[in-house]
Amino acid sequence: MSDTTLTEQEIVRRDNLQKIEEAGINPFPPEAFPPTHFASEIKADFTEEKAEAFKEVRLTGRVMNKRVMGKASFLELQDSSGRIQLYVSRDDIAPGEDKTLYNTVVKKLLDIGDFVGVEGFVFTTRVGETTVHVKNFKFLGKSLRPLPIVKRDEDGNVYDAFTDPELRYRMRYVDLTVNPQFREIFVKRNKLVRTIQSFLDERGIMEVETPILQPIHGGAAARPFATHHNTLDMPLFMRIANELYLKRLIVAGFDGVYEIGKMFRNEGMDRTHNPEFTMMEIYVAYQDYNWMMDMTETLLSEVATAVTGNTTVNYQGTEIDFAGPYARLPILDAIKIHGGVDVSEMDEEGLRVVCKEKGIHPDKTWGYGKLIDELFGELAEAKLIQPTFVTDYPVEMSPLTKKHRTKEGLVERFELFIKGKEVANAYTELNDPIVQRERFEDQLKLAARGDDEAMVLDEDFLRALEYGMPPTTGIGIGIDRLTMLMTDQVSIQEVLFFPQMRKEGE
RNA sequence: GACCUGGUAGCUCAGUUGGCUAGAGCAUCUGACUUUUAAUCCGAGGGUCGUGGGUUCGAGCCCCACCCGGGUCACCA
């Protein structure tokens with residue numbers, strides 16, 4: 001996007017840029033200027049007794065405030081760690097006859113948002129502010145647009161905050177520059193992912209990458225983004241899941257694999273849905289869903305500890321404790337306990353009656369499994385606040401899951417609910433290729449009945465199973481939603497650097 | 001997709017029952033100031049009121065359509 005008309009302030013800055021060049025200064029110098037110190041560490045470590053250790057410091061960053069006092073000025077420098085005050089006096093940075101560097105460059109041509117590098121010593125001002133006394137001042141990069149100025153008083157009150165969500169998400173670079181508190185969310189997100197990675201590394205579970213462009217969008221039920229490969233002249237789909245590929249790797253002989261990556265679903269957008277989102281899937285051979293529940297408890301309490309310092313997280317005023325063990329609640333029991341109805345002996349017709357009693361309007365295409373899921377969603381889901389494994393789902397809803405070892409009509413599946421939201425979905429994986437084929441065929445029947453979310457049959461995946469897959473358990477965890485929980489955010493947009501937006505008007 | 005709500009200066013906002021040249025703070029520009037910190041003080045400039053139509057003597061305000069956000073619901077098993 002290019003602006004045809006410049007605002008008053010943009011014209012001033014371009015004018016300043018030109019004057020800097022005319023003064024013989026390169027506003028975008030090529031040579032390196034690596035900092036020796038960061039703002040926050042100086043502010044944390046400096047004392048007058050240790051002044052000797054801070055006699056020569058070099059800092060870099062953006063000028064975020066400028067208070068000119070005549071022959072001396074105070075600047076606020078913001079680097080990746082925080083802010084620190086700079087003291088710039090005329091005769092220090094321009095000791096000779098020529099005072100241009102101070103009188104013109106610092107006082108007039110230096111704008112808020114410009115990148116500068118400084119060298120000097122640290123001291124404490126009269127009012128007790130740790131400050132860098134600048135001896136050498138260098139331009140590192142000019143800013144041609146005015147940043148929104150956010151002011152804070154000594155009590156921490158914020159004035160004129162840059163709050164418009166549209167502008168914040170469209171210009172995340174501006175948002176994170178002037179609202180550094182939001183950086184913390186992304187730092188925590190990174191910590192969360194790194195914790196998971198080292199946790200799985202330690203257990204010999206290998207990180208892998210599988211195709212994002214898939215000829216068949218298998219492994220989940222959702223509408224895909226469709227695209228086309230020109231050379232092969234074939235349709236391709238952005239993956240909605242990677243499950244079937246990771247299972248092929250279990251077939252191939254890896255005992256444990258996982259992938260953290262983007263999935264793409266062509267569905268609606270809201271506070272908890274972005275068209276592309278990050279999912280982690282883990283598959284471990286020779287284990288079952290009970291083991292996976294144990295592992296999930298350990299993993300999440302380690303993640304919570306890494307992100308917040310202990311196993312508890314305050315989410316929207318509720319203390320969530322990630323220390324295991326979590327409640328394990330069969331879905332039919334969840335409906336009985338939280339909905340007050342025992343549906344364990346009911347058939348499809350009985351469930352339809354219960355649905356209507358509970359204010360749900362069952363669709364004709366809904367089968368037994370969908371009816372159970374709707375009842376659970378309506379009656380129980382919102383009541384599961386602390387981490388809870390809901391287990392043993394109807395087979396219809398779980399075409400990739402092994403049937404339950406004792407309970408007829410159910411499968412060995414669990415979903416983890418926290419604060420009423422699904423955070424993880426896991427199975428004892430179905431590894432019988434004949435049963436798997438039947439399940440796919442049932443899905444085709446559902447599709448024929450009008451269910452446009454029914455799963456697609458993948459012949460190559462079935463061929464892989466026919467070669468033999470060991471007993472395996474697998475789990476999928478939504479990384480964005482986990483990050484939301486761990487950072488106390490209600491909107492997925494706050495945990496994505498660049499959430500999806502409609503195209504900007506010209 | 002439905003409903004609710006919003007879009008006014010670079011940013012955050014005010015703008016009365018439709019009525020003088022559309023306002024404020026910060027930011028910007030002039031000037032003063034060598035320990036200030038929401039710096040202060042003097043003076044000044046800056047607007048397609050989201051876009052396009054309509055009603056009216058007159059529209060930021062009323063009506064219609066559209067664009068872009070936010071919220072709720074539906075959808076997302």
Side-chain angles (χ1 to χ4, degrees), chain A residues 3 5-13 15-16 64-76 83-92 102 107-108 111-113 123-131 133 143-171 174 178-179 220-223 240 265-275 277 361 363 365-367 369-374 376-377 393-394 396-399 413 415 422 425 443 446 451-455 490-491 493 499 501-506:
Chain A
D3 287 337
T5 53
L6 297 175
T7 65
E8 180 193 24
Q9 294 190 51
E10 287 169 333
I11 292 166
V12 167
R13 284 177 179 234
D15 200 41
N16 287 347
M64 294 303 285
N65 201 351
K66 194 175 153 185
R67 293 182 287 274
V68 178
M69 310 288 301
K71 296 184 187 62
S73 298
F74 293 92
L75 308 178
E76 265 177 54
R83 290 188 185 187
I84 192 164
Q85 179 169 263
L86 307 180
Y87 175 77
V88 184
S89 81
R90 186 191 65 183
D91 297 330
D92 278 318
Y102 181 77
K107 273 175 76 174
K108 304 275 191 193
D111 290 310
I112 288 173
F123 75 111
T124 304
T125 64
R126 232 179 255 169
V127 288
E129 181 83 13
T130 301
T131 301
H133 187 126
S143 168
L144 294 181
R145 290 174 183 256
L147 286 169
I149 304 299
V150 180
K151 299 234 172 186
R152 288 174 184 77
D153 67 18
E154 55 191 13
D155 299 324
N157 298 312
V158 177
Y159 301 84
D160 301 325
F162 181 63
T163 51
D164 184 332
E166 177 167 9
L167 297 177
R168 285 187 49 228
Y169 301 149
R170 284 194 197 282
M171 300 191 288
V174 173
V178 304
N179 295 323
R223 281 185 292 169
I240 58 175
R265 296 187 183 178
N266 208 339
E267 312 275 4
M269 291 164 56
D270 60 29
R271 285 192 312 169
T272 55
H273 296 82
N274 196 67
F277 62 100
H361 305 293
D363 191 273
T365 64
W366 293 1
K370 174 74 175 170
L371 290 162
I372 291 288
D373 192 66
E374 288 291 327
F376 171 75
Y393 284 66
E396 286 92 334
M397 305 295 291
S398 314
R413 171 182 181 179
E415 293 190 316
E422 181 198 332
N425 181 21
Q443 288 291 305
L446 281 180
D451 187 348
D452 60 356
E453 291 146 359
M455 224 173 264
V490 295
S491 168
Q493 298 174 110
M501 303 289 277
R502 283 197 168 81
K503 75 166 184 277
E504 207 173 340
E506 290 296 313

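Given the structure is predicted, the values throughout are model-derived calculations rather than measurements. Here is how names work: the chains are called A, B, and so on, in the same order as the sequence lines, proteins then strands, and each is numbered from 1. What you see below is based on every heavy atom in this structure, not just the backbone, and it leaves out hydrogens, waters and symmetry mates.
Nucleic acid contact for A/Gln493: sugar-phosphate only, since backbone atoms but no base atoms lie under 4.0 Å from a heavy atom of the residue. Residue contacts for A/Asp270: at a heavy-atom cut-off of 4.0 Å it reaches a base atom on one of the strands shown. Within 4.0 Å of A/Leu167, counting heavy atoms only, lie sugar-phosphate atoms of the nucleic acid but no base atom. Contact annotation for A/Thr163: backbone-only contact, meaning every heavy-atom pair under 4.0 Å involves sugar-phosphate atoms and none involves a base.
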Next on the checklist: Please encode protein proximity along nucleotides 28-41 of chain B as a string of B, S and -, counting only heavy-atom distances under 4.0 Å.
Outcome noted: SS-S-BBBBBBB--
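B/U17 sits 28 Å from B/U12 when the C1' atoms are compared, rounded to a whole Å. Nucleotides B/G25 and B/G70, compared at atom P, are 31 Å apart to the nearest Å. Rounded to whole Å, the separation between the C1' atoms of B/A39 and B/C26 comes to 13 Å. For the C1' atoms, the distance linking B/C20 with B/A59 amounts to 15 Å, nearest Å. Nucleotides B/G46 and B/A24, compared at atom P, are 13 Å apart to the nearest Å. The same atom, P, is picked in B/G23 and in B/A9; the two are 14 Å apart, to the nearest Å. When the C1' atom is compared between B/U30 and B/G45, the two are found 10 Å apart, to the nearest whole Å. Comparing B/G53 with B/C67, their C1' atoms sit 15 Å apart, to the nearest whole Å.
Remark: B/G23 base-pairs with B/C13; criterion is Watson-Crick or G-U wobble with both hydrogen-bond distances under 3.5 Å. Pair check for B/C66 finds B/G50; Watson-Crick or G-U wobble, both atom distances under 3.5 Å. Pairing for B/A2 is with B/U72, a Watson-Crick or G-U wobble pair whose two hydrogen-bonding atom distances lie under 3.5 Å.
Remark on RNA chain B: of its neighbouring residues A/Asp164 and A/Pro399, the 5'-side contact belongs to A/Asp164, judged by nearest-heavy-atom nucleotide. Ranked by how close their nearest RNA chain B nucleotide is to the 5' end, A/Arg502 and A/Pro146 are led by A/Pro146.
A 4.5 Å side-chain heavy-atom check between A/Thr7 and A/Glu10 finds at least one atom pair inside the cut-off. Side chains of A/Leu86 and A/Phe74 form no contact here, defined as non-hydrogen atoms less than 4.5 Å apart.
For B/G69, one of the phosphate oxygens OP1 or OP2 lies less than 4.0 angstrom from a side-chain nitrogen or oxygen of A/Arg170.
Here the side chain of A/Thr125 pairs a donor or acceptor atom with the backbone of A/Glu129 at under 3.5 angstrom. For the pair A/Asp153 (side chain) and A/Gly156 (backbone), a donor-acceptor distance under 3.5 Å is present. For the pair A/Asp270 (side chain) and A/Thr272 (backbone), a donor-acceptor distance under 3.5 Å is present.
Under the 3.5 Å distance criterion, with hydrogens and angles disregarded, a donor-acceptor pair is assigned to the side chains of A/Arg13 and A/Ser143. A/Arg413 and A/Asn425 share a side-chain donor-acceptor pair at under 3.5 Å. Counted by atom type alone, A/Tyr102 and A/Ser73 present one or more donor-acceptor pairs between their side chains at under 3.5 Å.
Atom pair A/Arg271:CZ and B/G71:C1' shows a separation of 8 Å (rounding to whole Å applied). A/Glu504 places its CD atom 18 Å from the P atom of B/G7, with the value rounded to the nearest Å. Taking atom CE of A/Met64 as the reference point, atom P of B/A27 lies 13 Å away to the nearest angstrom. A straight line from CE of A/Met171 to C1' of B/G69 spans 13 Å, rounded to a whole angstrom. The distance between atom CG of A/Asp373 and atom P of B/A77, rounded to the nearest whole Å, is 9 Å. Remark: P of B/C11 and CG of A/Asn179 are 14 Å apart, rounded to the nearest angstrom. Taking atom CZ of residue A/Arg145 and atom P of nucleotide B/A9, one finds them 16 Å apart after rounding to whole Å. In this structure, CZ of A/Arg168 is placed 14 Å from C1' of B/U12, rounded to the nearest angstrom.
When all heavy atoms are compared, the tightest approach of A/Ser89 to A/His133 is OG-NE2, 4.4 Å.
The nucleotide whose nearest atom lies closest to any side-chain atom of A/Glu267 is, among B/C75, B/C11, B/G69, B/C75.
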